[in-house]
Number of protein chains: 2
Amino acid sequence: MDEIDELLSIRAAELYYEENKTQDEIGQALRLTRWKVGRLLAQAKQRGFIRIEILHPRARRLPIERRLRDERGLDDAIVVSTAGVTSPEELQARTAQAAADYLTALRPVPRTLGVSWGRTLFEISQHLRQGWATGVNVVQINGGVSLNRRPGTAAATAVGIAQKGGGSATLLPSPAILERLETKEAIESDRVVAGVIDLARSADAYLFSAGAADHSSVHVESGYLSVPDVDLLVQKGAVGDVVGRYIDSDGNIVDPALDARTVGLTLDELRRAQLAIAVISGPGKHAVADAVVRSRLCSVLVTDEATALHLLDG
Amino acid sequence: MDEIDELLSIRAAELYYEENKTQDEIGQALRLTRWKVGRLLAQAKQRGFIRIEILHPRARRLPIERRLRDERGLDDAIVVSTAGVTSPEELQARTAQAAADYLTALRPVPRTLGVSWGRTLFEISQHLRQGWATGVNVVQINGGVSLNRRPGTAAATAVGIAQKGGGSATLLPSPAILERLETKEAIESDRVVAGVIDLARSADAYLFSAGAADHSSVHVESGYLSVPDVDLLVQKGAVGDVVGRYIDSDGNIVDPALDARTVGLTLDELRRAQLAIAVISGPGKHAVADAVVRSRLCSVLVTDEATALHLLDG
DNA sequence: GCAGATCGTGCTCATATGAGCAGCCGGTCG
DNA sequence: CGACCGGCTGCTCATATGAGCACGATCTGC
């Protein structure tokens, strides 16, 4: 296309998209046939001169979702638009809403849903509508009795999801990470705890998020790890955690000793699941998101546009 | 429209604009009739959920141009899009290009074109194509023999426009502002100078820009005014200058004594013109642009989107 | 409880758009 | 010099879309 046609295509696009003229009218105005106008408009679109954005908190990016499915081998992907997002909170809210929508529309409805806990999961629980399902039992898949502040966020999340879904919640009454291996083994051999974990293994679907490996981690906030602990993990290659287990960029356990002291489903158990929904968004989580997808920890990913593009284009 | 319809309209818009489905296909997917889909899409547009942008340096904003004509009483308005602009230089280039395009398309072709000088005018002269007109004579409408750096920018501008338009340039051999009133009157009574000004008065069209009243002014750069001079003008209410004459927000001369020492067409002579094209863009020039339009110094305005919106919505 | 108003729905029909194709023009190579 | 090729043009025809309308549901006020 030469420059004169490029300019004409812009003039045509202005009249078509901004002035709502018909291609025929544009043809008269620019002294072109309507077919030429149609071709100019098609070229303007094809060359990327026309950008169409859907500005809405619930807007999704279907072409990116398709690419994630095709190029990253996911069973499904939900990508929320970042157009018009002004704060990190809004991004988080949009993603949580999308996850809640996905759960609500999920068919068949899972009878037992395994969930992790954390900021993202809590927000999803809040965005779910009363009656989003009927008779969904929720089971915690990793330990999380909070050691200090915000007691019961983990419990509140699971109970909230269950209650709104017309079912009951089964909590995992254990810390996330124990200081000694023996204690962890003792807890896991406890009848109740072992029963919960067995139930978790049998869940039809899992819903979990991932944490970035930095000082803002819920593990630091909850007191399970100290800031130097996290620094050490990062030094060993950790990019973040999934159900309390820290992984490197290939999805491998970074610190087997620490991992052995972590209560809950193992990553391999998660990988074997039919339906594992990861909800990961925000600029700080690009690396973990990549590790989760790369190592097939999830079959479904709910994320934001920027994170998705990072997964696709590096 | 209730929330369910709002959400549906977003889903429909995603399928329509991002996936290129027909309304009928969307109807099948969402279990709606195609008419319902059409209405949802219309509502999504009307409620502003759909934003269509034309991303191109030459893109204009026709609806804003129309509003400028209708609401601010301009004969014509050219508004360049700011979509995708990354630097002030690019904004300036886009506006200058639009001004050059406007001149080129102007009918009837002016036989004599009065021009001011400055950064904007110089850039317009550079964007004009060789042969943009045939036989356009250019005359300077305000004094501008540069006192120090960049000698001849004013002359180069006028000569460039004339030469590319197949005509000749008539320069105004005078400083912009003189220190003493007597000198100014003496210069103006000079046969050559008086002849040039007479020719300027008879021009078919004028092309000029406006300067902001701040330290970046060409008058400071050229040495006609000192920084304290400008500060004083601002204190008296100056928002900027047109053909070297400083005006307040109502378009009135701020300092009559200074104005009397300024060589060139007066503002009232400009106001009487059939065709006075002002080219004003950039965030720093919102106030002058408003003054120019409000006081009818121009009949045609070439500007950028942000400035135009300032003129329209405050 | 009912008449009238209002709204949303799904139709018919006119119009706008896109796909595909024959002809033409300008360039190229034997 | 002329046959060929590729790209552009403006057509025909099928399809997609939008305007207008009649019907039925729902709401409102007496």
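To find a chain, count down the sequence lines: A is the first, B the second, and so on, and within it residues start at 1.
Partners of Thr33(B) according to the side-chain hydrogen bond (donor to acceptor under 3.5 Å, both in side chains) rule, which considers only residues two or more places apart in sequence or in another chain, do not exist here.
For the pair Lys21(A) NZ and dT17(D) P, the computed distance is 23 Å after rounding to whole Å. For Ile4(A) and dC8(D), the CD1 to P distance is 15 Å, given to the nearest whole Å. Between Tyr16(A) atom OH and dT15(C) atom P there is a gap of 17 Å when expressed in whole angstrom units. Here the C1' atom of nucleotide dT9(C) and the CG atom of Leu8(B) are 15 Å apart, to the nearest Å. Rounded to whole Å, the distance from CG on Leu41(A) to P on dA16(C) is 15 Å. In this structure, Asp2(B) places its CG atom 14 Å from C1' of dT26(D), rounding to the nearest Å. Rounded to whole Å, the distance from NZ on Lys45(B) to C1' on dT17(D) is 11 Å.
Shown here is Glu71(B), whose CD atom has more than 12 heavy atoms of other residues, nucleotides or ligands within 6.0 Å. Atom CD of Glu90(B) sits in a crowded spot, with more than 12 heavy atoms from other residues, nucleotides or ligands closer than 6.0 Å.
Remark: the Gln97(A) side chain and the Asp101(A) side chain contain an N/O donor-acceptor pair separated by less than 3.5 Å. In this structure, a donor-acceptor pair under 3.5 Å is absent between the side chains of Ser299(B) and Gln274(B).
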- Item | Pair Asp304(A)-Thr82(A), side chain to side chain donor-acceptor pair (under 3.5 Å): steps then yes or no | CA-CA 7 Å; Asp304(A) 64 83; Thr82(A) 56; over 6 Å; no
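Contact annotation: side chain of Arg39(B) to base of dG10(C), donor-acceptor pair present below 3.5 Å.
For the segment residues 23-38 of chain A, residues with any heavy atom less than 4.0 angstrom from an atom of DNA chain D are, sorted by number, Thr33(A), Trp35(A), Lys36(A).
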